[in-house]
Protein chains: 2
Amino acid sequence: MVHPDLKILFQRLEASREAAGLTRDEVEEKLVMGPGWIKLIEEGLTEPSLGTLAAILALYGDDLHGFFADFQFGETDVIVDRHLSATEEGADLVLHFPMGPHSANVTIPDATLDEFNSVLLVLRNVLAVRDARRAIVECFLEAVRTWPHVNPSDLWYFLVAHAYQDDFNHPAESAGKDWAQSWKRAGGWSLEAIFVEHYNPQLNQHGVRLAMPTAPDEKGRLLGEMGLHGSGVVEKSDVIALGTDAHGNEHPFGVVHVKASFAERRTDDAPLSARLMASGFASPLLTMDCKAGPSTDPFNKGELGAVQGGIARVSSKRLDIERDRIFDAAFSYNANTEPTPTGTSAAARIYRCNFADPDDSFSRHMIRKWQERQGN
Amino acid sequence: MVHPDLKILFQRLEASREAAGLTRDEVEEKLVMGPGWIKLIEEGLTEPSLGTLAAILALYGDDLHGFFADFQFGETDVIVDRHLSATEEGADLVLHFPMGPHSANVTIPDATLDEFNSVLLVLRNVLAVRDARRAIVECFLEAVRTWPHVNPSDLWYFLVAHAYQDDFNHPAESAGKDWAQSWKRAGGWSLEAIFVEHYNPQLNQHGVRLAMPTAPDEKGRLLGEMGLHGSGVVEKSDVIALGTDAHGNEHPFGVVHVKASFAERRTDDAPLSARLMASGFASPLLTMDCKAGPSTDPFNKGELGAVQGGIARVSSKRLDIERDRIFDAAFSYNANTEPTPTGTSAAARIYRCNFADPDDSFSRHMIRKWQERQGN
DNA sequence: ATCGACCGGTCGC
DNA sequence: TGCGACCGGTCGA
């Protein structure tokens with residue numbers, strides 16, 4: 001990611017060091033660095049900060065003035081370092097972002113740079129005037145509207161997540177934030193709001209509504225109506241499902257659990273979910289099932305893994321649902337998640353959804369759950 | 001954190017921009033940046049990367065050569081940017097590291113820069129030739145040996161954690177890693193090894209041993225001997241406690257749960273812990289109880305919070321232990337954790353320990369648990 | 001010096 | 001491109 005002209009310039013540092021009569025080891029010791037850093041910098045494989053560059057030059061009896069004395073950029077465009085950038089390749093868009101030690105490239109099929117810039121503009125514009133949640137919700141919904149053919153989980157995990165982690169997409173007043181940590185907080189919360197916004201117009205036609213009560217009293221009241229009290233209940237409840245009965249009265253009939261990814265956190269919601277299901281309430285999981293190994297060419301394969309009955313061993317995350325039924329159903333918005341095959345028996349099923357049409361297996365699940373509840 | 005001479009240089013960018021006839025808004029729009037960045041850079045409050053600086057200069061018809069043409073550093077030392085640095089203030093050492101948007105300063109009482117450099121040298125030297133776990137274990141144990149009077153949790157959370165997250169303390173061959181994420185993995189695992197190394201010499205004198213079995217079969221065998229089978233048992237078991245009986249045979253008699261901090265992850269181990277205690281096995285928690293709010297002057301107050309019976313509300317983490325007994329005892333190595341007051345009744349007690357002497361409440365707890373088990 | 005849950009790169013197995 | 005658990009800055013309530 002070092003500009004090619006700067007790379008050539010950094011390669012001159014080797015001669016400067018030798019002229020100063022210093023070995024790489026000696027420089028690293030003087031600067032209190034681990035082994036190999038001077039070689040890496042001299043090879044132009046990493047871009048030192050101005051402070052680090054100046055400290056190295058000072059050891060060699062040089063300074064920034066001397067170092068850049070006869071330097072000029074050539075033909076390659078000089079661009080601002082971004083956490084996320086994109087290029088067009090034929091009819092496709094390729095996203096570029098750092099993924100651990102790799103420079104990752106992810107192809108978004110049939111997409112243009114103009115569309116990319118429009119989607120990111122939503123993020124930047126809303127971040128400039130509103131809160132992070134609003135910005136993430138609007139940017140993601142714009143992305144799935146712009147590219148309905150693309151895996152929503154890829155748009156979430158590769159595009160919105162990394163755009164959010166780009167310093168320069170935020171107003172400078174929030175400079176210095178740890179955007180990776182901020183994403184975990186703001187992204188996770190935004191995802192709940194995304195599902196609420198996406199499904200409510202459809203659900204409302206059937207007397208069902210998803211709510212994220214903000215007042216803690218309101219949330220506690222609704223959970224209390226479902227017989228849920230005690231510690232950990234309010235905090236673990238993401239989204240409350242509400243249904244309107246024949247008399248026009250609204251009643252809570254379940255909790256929707258939302259997770260961007262699983263890791264070991266999958267069982268966090270299990271105790272609450274078990275209590276809900278034991279009382280006949282709805283308790284589904286919505287997940288982006290995001291997970292890719294670090295790679296220059298990452299594949300968002302998710303964590304639910306191979307289906308039961310196949311050759312590969314079944315992941316414990318899949319068993320949690322299909323065998324142990326810790327949720328009454330799971331809906332993945334990752335096109336790479338294998339749904340529970342139709343015709344097989346399972347204690348609870350994994351479905352695959354997207355954002356093309358809110359009349360889908362999730363909304364039908366919730367409407368059915370409410371109708372079943374009224375039948376009781 | 002911008003060098004004062006560079007700060008003055010960056011302040012010249014305002015005149016260059018005005019000479020080019022551009023407003024800040026126009027530059028931000030051309031560079032696709034959120035609002036305020038150009039002002040922040042022009043005020044010298046943030047150090048742009050060489051690529052970003054070059055891109056800005058290119059807009060103004062200038063380049064790096066011209067920008068540094070008459071620049072010289074003055075009297076302030078030019079130093080490499082480090083994630084963690086330290087200065088002496090009287091008899092104390094002050095650590096400096098970024099904490100979100102803050103530049104944090106933490107005082108280590110009665111400590112010198114020489115001691116700091118010696119402790120960090122252990123980390124760098126071991127990282128250069130061995131794995132991260134070994135390096136963290138040896139660095140932390142060197143730190144508590146060097147400064148036995150200092151809060152161990154502070155040394156863990158403010159010193160070792162941030163030293164580990166400094167790129168230049170690692171060999172360059174691992175450049176590009178996300179050290180914050182790496183710390184979570186390697187630090188958490190190292191903490192288990194630290195407790196094993198610290199306590200085993202003392203425990204061995206009483207026929208007790210802590211083990212971290214590496215072969216999955218071995219771990220599963222030991223857990224099986226305690227009647228524990230099924231999914232999630234092997235993965236959730238950190239450290240196994242073993243006791244030698246009168247016939248010289250070794251038997252597992254508990255699992256030691258280790259957590260650097262709590263967050264919402266505190267209940268992860270609860271189901272396994274409940275099964276252990278129901279069978280009369282030991283199931284204590286060891287924790288650094290690390291937590292500080294973001295601040296220029298962070299205080300590692302932990303998460304266990306106020307004691308029961310006090311004026312302040314009791315944290316749910318404290319209730320988990322003192323009321324709900326999700327572990328048979330908890331041992332915090334944060335000097336700021338309030339232990340369960342002696343004389344009060346609690347379903348399980350919170351103790352405060354340090355690394356000064358392994359003959360402490362934790363080792364005595366384990367020895368007593370093994371003796372009780374043999375009495376059965 | 002509030003409290004609580006959000007999540008993903010890492011790395012041993 | 002296997003699987004699984006590690007943890008802490010963030011930020012609304």
Side-chain angles (χ1 to χ4, degrees), chain A residues 98-102 131-133 157 161 174 177-192 214-217 219 232 234-236 238 258-266 268-269 288 290-295 297-303 305-306 312-313 315-317 336, chain B residues 98-102 131-133 157 161 174 177-192 214-217 219 232 234-236 238 258-266 268-269 288 290-295 297-303 305-306 312-313 315-317 336:
Chain A
M99 191 176 200
H102 304 287
D131 57 295
R133 185 176 86 166
Y157 183 53
S174 44
K177 281 275 174 64
D178 183 333
W179 294 118
Q181 292 290 69
S182 177
W183 168 253
K184 293 172 188 182
R185 174 66 163 80
W189 193 45
S190 302
L191 190 55
E192 301 170 12
T214 46
D217 294 359
K219 204 182 203 181
V234 170
E235 297 87 345
K236 286 287 183 195
D238 300 328
V258 177
K259 276 201 185 310
S261 64
F262 290 88
E264 91 290 6
R265 300 165 278 100
R266 70 187 192 277
D268 286 2
D269 297 335
M288 284 289 173
C290 297
K291 185 70 167 185
S295 165
D297 190 19
F299 175 68
N300 181 15
K301 71 182 166 58
E303 297 187 77
R313 70 186 280 275
S315 80
S316 47
K317 282 131 196 164
N336 301 313
Chain B
M99 192 175 200
H102 303 288
D131 55 295
R133 184 177 86 166
Y157 182 53
S174 43
K177 282 273 175 64
D178 183 333
W179 294 118
Q181 292 290 69
S182 178
W183 167 253
K184 293 171 187 181
R185 174 66 164 80
W189 193 45
S190 303
L191 190 55
E192 301 170 14
T214 46
D217 294 1
K219 204 183 205 181
V234 170
E235 298 86 346
K236 285 286 182 195
D238 299 329
V258 177
K259 277 202 184 309
S261 63
F262 289 88
E264 90 291 6
R265 301 165 276 101
R266 70 188 192 276
D268 287 2
D269 298 335
M288 284 289 172
C290 298
K291 187 71 167 186
S295 164
D297 189 19
F299 175 70
N300 181 16
K301 69 181 167 59
E303 297 188 77
R313 69 187 282 272
S315 80
S316 48
K317 282 130 194 163
N336 301 313

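Below, all heavy atoms of this structure are taken into account, side chains as well, without hydrogens, waters or symmetry copies. Here is the naming used below: chain letters follow the sequence lines, and residue numbers restart at 1 for every chain. Source: prediction; values computed, not measured.
- The side chain to side chain contact (heavy atoms under 4.5 Å, CB included) check on A/K291 picks up A/E303, with sequence neighbours excluded.
- Using a 4.0 Å cut-off, some side-chain N or O of A/R266 falls inside it from OP1 or OP2 of D/dA5.
- Remark: B/K184 pairs with A/Q181, B/Q181 by the side-chain hydrogen bond (donor to acceptor under 3.5 Å, both in side chains) rule, at least two apart or across chains.
- Each end of the helix from C/dT2-D/dA13 to C/dC13-D/dG2 yields a helix axis from five base pairs, and these two axes differ in direction by 10° (to the nearest 10 degrees).
- Nearest approach of B/C290 to B/S261, heavy atoms of both residues: O-CB, 3.3 Å.
- In this structure, the NZ atom of B/K236 is 9 Å from the C1' atom of D/dC6, given to the nearest Å.
- What separates NZ of A/K301 from C1' of D/dG4 is a distance of 11 Å, to the nearest Å.
- Note on B/S295: nothing from the nucleic acid sits closer than 4.0 angstrom, heavy atoms only.
- The nearest whole Å value for the distance from the CD atom in B/E192 to the P atom in C/dG12 is 13 Å.
- Remark: C1' of C/dG12 and CD of B/E235 are 13 Å apart, rounded to the nearest angstrom.
- For the side-chain hydrogen bond (donor to acceptor under 3.5 Å, both in side chains) test, residues two or more places apart in sequence or in another chain that qualify with A/N336 are A/N334.
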*Which nucleotides of nucleotides 7-12 of chain D have their base under 4.0 Å from a protein heavy atom (B), which only their sugar-phosphate (S), and which neither (-), written as one string 5' to 3'?*
BBBBBB
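- For A/W189, there are no side-chain hydrogen bond (donor to acceptor under 3.5 Å, both in side chains) partners, not counting sequence neighbours.
- Residue contacts shown for B/D238 are limited to sugar-phosphate atoms, with no base heavy atom under 4.0 Å away.
- What you find for A/A292 and A/Y157 is that their closest heavy atoms are N-OH, 3.3 Å.
- If you check every strand for non-hydrogen atoms under 4.0 Å, A/N300 touches nothing.
- For A/E235, the side chain to side chain contact (heavy atoms under 4.5 Å, CB included) test picks out no residue, with sequence neighbours left out.
- Under the rule for a side chain to side chain contact (heavy atoms under 4.5 Å, CB included), the partners of A/D297 that lie at least two apart in sequence or sit in another chain are A/S295.
- Annotation: side-chain hydrogen bond (donor to acceptor under 3.5 Å, both in side chains) contacts of A/R266 (sequence neighbours excluded): A/S316, A/D320.
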